[in-house]
2 protein chains.
Amino acid sequence: MEAITIKDIAKALNLSTSTVSRALRGSYEINPETKKLVLEYAKKMNYHPNPIALSLKENRSRAIGVIVPEIANNFFSQAINGIEAVAYDRGYHVVIFQSHESYERERSNIQHLVGRKVDGVLISLSGQTTEVNHLSEIQKRGVPLVVFDRISNEIEANKVIADNFQGAFEAAEHLILSGRKRIAHITSPSLLYTTNERLEGYKAALEKHGIPFNENLVRYCGFAPEEAREVIFELLDTQKPDAIFTASDRLALDCFAAVKAKGIDIPEQVAFIGFTNLQVAHLLDPPLSTVVQPAFEIGKTAAEMLLDTIDNKRNTATIKTIKIPTEVNLRTSSD
Amino acid sequence: MEAITIKDIAKALNLSTSTVSRALRGSYEINPETKKLVLEYAKKMNYHPNPIALSLKENRSRAIGVIVPEIANNFFSQAINGIEAVAYDRGYHVVIFQSHESYERERSNIQHLVGRKVDGVLISLSGQTTEVNHLSEIQKRGVPLVVFDRISNEIEANKVIADNFQGAFEAAEHLILSGRKRIAHITSPSLLYTTNERLEGYKAALEKHGIPFNENLVRYCGFAPEEAREVIFELLDTQKPDAIFTASDRLALDCFAAVKAKGIDIPEQVAFIGFTNLQVAHLLDPPLSTVVQPAFEIGKTAAEMLLDTIDNKRNTATIKTIKIPTEVNLRTSSD
DNA sequence: ATCGTTGTCGGGAACGTTACCAAAAAGGCT
DNA sequence: AGCCTTTTTGGTAACGTTCCCGACAACGAT
């Protein structure tokens, strides 16, 4: 069973395709009776306009593309839910892609999206992405772009991020106030923007409380599965921290597991606080203190910005970075 | 900056579009020198064929669609990773959609996918889906379909599922062997196929060990956020179970939280085992026993089946259901 | 010299849709 | 009666690509 087209309708009703087309979109310049005839027949035959033909003609698709490193990451899947909520409301479809932290995949995804004529792109950069030519290129092609969470200073676009500095500051300060002195910070590769923001927050808290910054207590950790475990073991052995502040979902879990595997008591020997969106943080042993990012709201805000520029409701000349507050959830792991 | 087309190349090189087209796809009947000329110019100008035009012409897109209830569910995001792994290898893009457990959204997603001429669809049914006309319709249109995990008996298609019966059987049996008598089963809405499979496994284990099946110990629970909590509270109060076996990620977490909130000791008072793909099961308090489904492998297998039928490497006349073994991971919550 | 063959290319239609330009009929105006 | 609007419809090009068909030259064979 093939899909019915405007031509089929035209033939069946002895009309021209242009008449049918206009009737279907309710043009004023068409006889009400003809219009009714066409609409009824279309309904009966379950006619749906071919979106591909429309895209080819109009150079748009009524869909926006989203690229995230990993949907298995709770933060990103929640952000996507925020994006979908507003996009769906405003009549846009959302096409989801994963870069799997690979720069190559990210490029390929971008290629595919612009080829498919998405009306805009929302992206959170992969951990390997060090240059952003692929992004400025689609901007040159006129594709609206909003970067969220994993942003880069090198790209001029609207951006939405959590207040990483503030979150990290509060987390570190809390550890300090509970009497910890050797506060380690385990974080993502240093080329990520969020990494630096969080590091700065951490440093600021130390400085405020007169604790000298000790480079040896900071570890950058890539995305390889076994890497985190090794990094944390080495850190524990050589630096003997009395607190750990981690910078992401993934790292929090890996570190948490590693510390427990070593038989170190949390929070007695080492206090722990993570920057994460885990929904199970309160069910862990012990319950994990977290800095939570408003993932859904970040997605929602980013999508709104994007759709506003697409629909020309936003001044495209001025770009803007929206920062959304984080929230600190203290539980027993950092007591 | 607009994308360059075959016409542009033709004009620039004083050739016809047909010649350029053939040169680009390396047709034998084209002068090697002309071919070289065209290819070099195309490369220089960064030419990429317009996939939309191709789709319109060829009625296909080199993309497959995936519809899952919720990507925030670990099982599904892992399954998607399995799907992407094989699709990427075989030159197909993967378009991800969420039904959010809504039948309407599922229909709308299907519509969008066939409109966009995906070459095949992988779907895991929403919790609200009771009839599958939207699926048989796309089959009639010739779109290959594979259903995975959340399958339905009413649709005739290739299917991939975990061995739910076996997993449930082993879980229940383990609880029985550890001396539990009143084993509750909290599960998803009864119209889901997996629900029944797991229920049957649970029943079979009871029967094997001479424990009469008690309907009051079984609870079906929808997808509303607060529902699980109420259901489990009511169950605990009225039935006093000494063990709970839950049928999904979501339910396991909600129940786990509810039981702990009530101050009931796990596993002392109530043993607990979940059917889940949580990556943090071993970090919970106490570590959670689970029946894990090979999500990645399920996705991989389903995608392979789909791509095989798309590429005509598979006999489309015979349909098949592949069942993949589950694995039971015993931890302290069920001691 | 004529013919068929081979190699190389261009023209046009088609995929489904919309937009522009005509065209025909009907009606109103002077 | 002649002309100009208005209403309603049809024809065609265009979006980017491929594919079928035909054209034309060069070439060897008869």
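Chain letters run A, B, ... following the sequence lines, proteins first, then strands; residues in each count from 1.
The distance between atom NZ of A:K117 and atom C1' of D:dC15, rounded to the nearest whole Å, is 10 Å. At whole-Å resolution of the value, CD1 in A:I6 and P in C:dC15 are 14 Å apart. The CD1-P distance, from A:I4 to C:dC15, rounds to 14 Å in whole Å. A straight line from NZ of B:K36 to P of C:dT8 spans 15 Å, rounded to a whole angstrom.
Within residues 12-23 of chain A, the residues having any heavy atom under 4.0 Å from DNA chain D are, by residue number, A:N14, A:L15, A:S16, A:S18, A:T19, A:R22. Contacts of residues 24-33 of chain B with DNA chain C (heavy atom under 4.0 Å): B:E29, B:I30, B:N31. Within residues 39-62 of chain A, the residues approached by DNA chain D to less than 4.0 Å at the level of any non-hydrogen atom are A:L56, A:K57, in residue-number order.
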All N/O donor-acceptor pairs, side-chain side in residues 48-68 of chain B, below 3.5 Å, sequence neighbours left out:
| residue | atom | partner | partner atom | Å |
| --- | --- | --- | --- | --- |
| B:H48 | NE2 | B:N46 | OD1 | 3.3 |
| B:N50 | OD1 | B:I52 | N | 2.8 |
| B:N50 | OD1 | B:A53 | N | 3.1 |
| B:S55 | OG | A:R116 | NH1 | 3.2 |
| B:S55 | OG | A:R116 | NH2 | 3.2 |
| B:S55 | OG | B:P51 | O | 3.2 |
| B:S55 | OG | B:R60 | O | 2.9 |
| B:S61 | OG | B:A63 | N | 3.4 |
| B:S61 | OG | B:K117 | O | 2.7 |

Side-chain polar contacts of residues 29-44 of chain A - donor-acceptor pairs under 3.5 angstrom, sequence neighbours left out - could you list them?
| residue | atom | partner | partner atom | Å |
| --- | --- | --- | --- | --- |
| A:E29 | OE2 | A:R22 | NH1 | 3.4 |
| A:N31 | OD1 | A:E33 | N | 2.9 |
| A:K35 | NZ | A:S27 | O | 3.0 |

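A side chain to side chain donor-acceptor pair (under 3.5 Å) check over residues 85-101 of chain B, counting only residues at least two apart or in different chains, returns the pairs A:N81-B:Q98, A:E84-B:Q98, A:E84-B:H100, B:E70-B:H100, B:R90-B:D308, B:R90-B:D311, B:Y92-B:D311, B:E101-B:R150. The ring pair (Phe, Tyr, Trp, His ring centres under 6.0 Å) pairs that include a residue from residues 122-155 of chain B are B:Y103-B:H134, where partners are two or more places apart or lie in different chains.
Taken to the nearest 0.5 Å, the NZ atom of B:K7 stands 15.5 Å off from the CG atom of B:L15. Note that CG of A:L122 and CD1 of A:I298 are 12.5 Å apart. Values are rounded to the nearest 0.5 Å.
Contacts of B:T19 classified as side chain to side chain donor-acceptor pair (under 3.5 Å), with partners at least two apart in sequence or in another chain: B:S16. Residues satisfying the side chain to side chain donor-acceptor pair (under 3.5 Å) criterion with B:N315, sequence neighbours excluded, are absent altogether. Under the rule for a side chain to side chain donor-acceptor pair (under 3.5 Å), A:R314 has no partner lying at least two apart in sequence or in another chain. Partners of B:T17 according to the side chain to side chain donor-acceptor pair (under 3.5 Å) rule, which considers only residues two or more places apart in sequence or in another chain, do not exist here.
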task = Output, in order, the C-alpha distance, side-chain angles, deciding distance and verdict of salt bridge (charged side-chain N to carboxylate O under 4.0 Å, His left out) for B:E131 and B:R107.
result = CA-CA 11 Å; B:E131 59 88 18; B:R107 282 193 74 102; 3.8 Å; yes

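Side chain of B:T316 to main chain of B:N312: no donor-acceptor pair is present (N/O by atom type, distance under 3.5 Å, no hydrogens or angles).
In terms of phosphate contacts, A:K7 brings a side-chain nitrogen or oxygen within less than 4.0 Å of OP1 or OP2 of C:dC15.
Rotation axes derived from the C1' atoms of the five outermost pairs at either end of the helix from C:dA1-D:dT30 to C:dT30-D:dA1 lie 70° apart, to the nearest 10°.
Around NZ of B:K159, the count of heavy atoms belonging to other residues, nucleotides or ligands within 6.0 Å exceeds 12.
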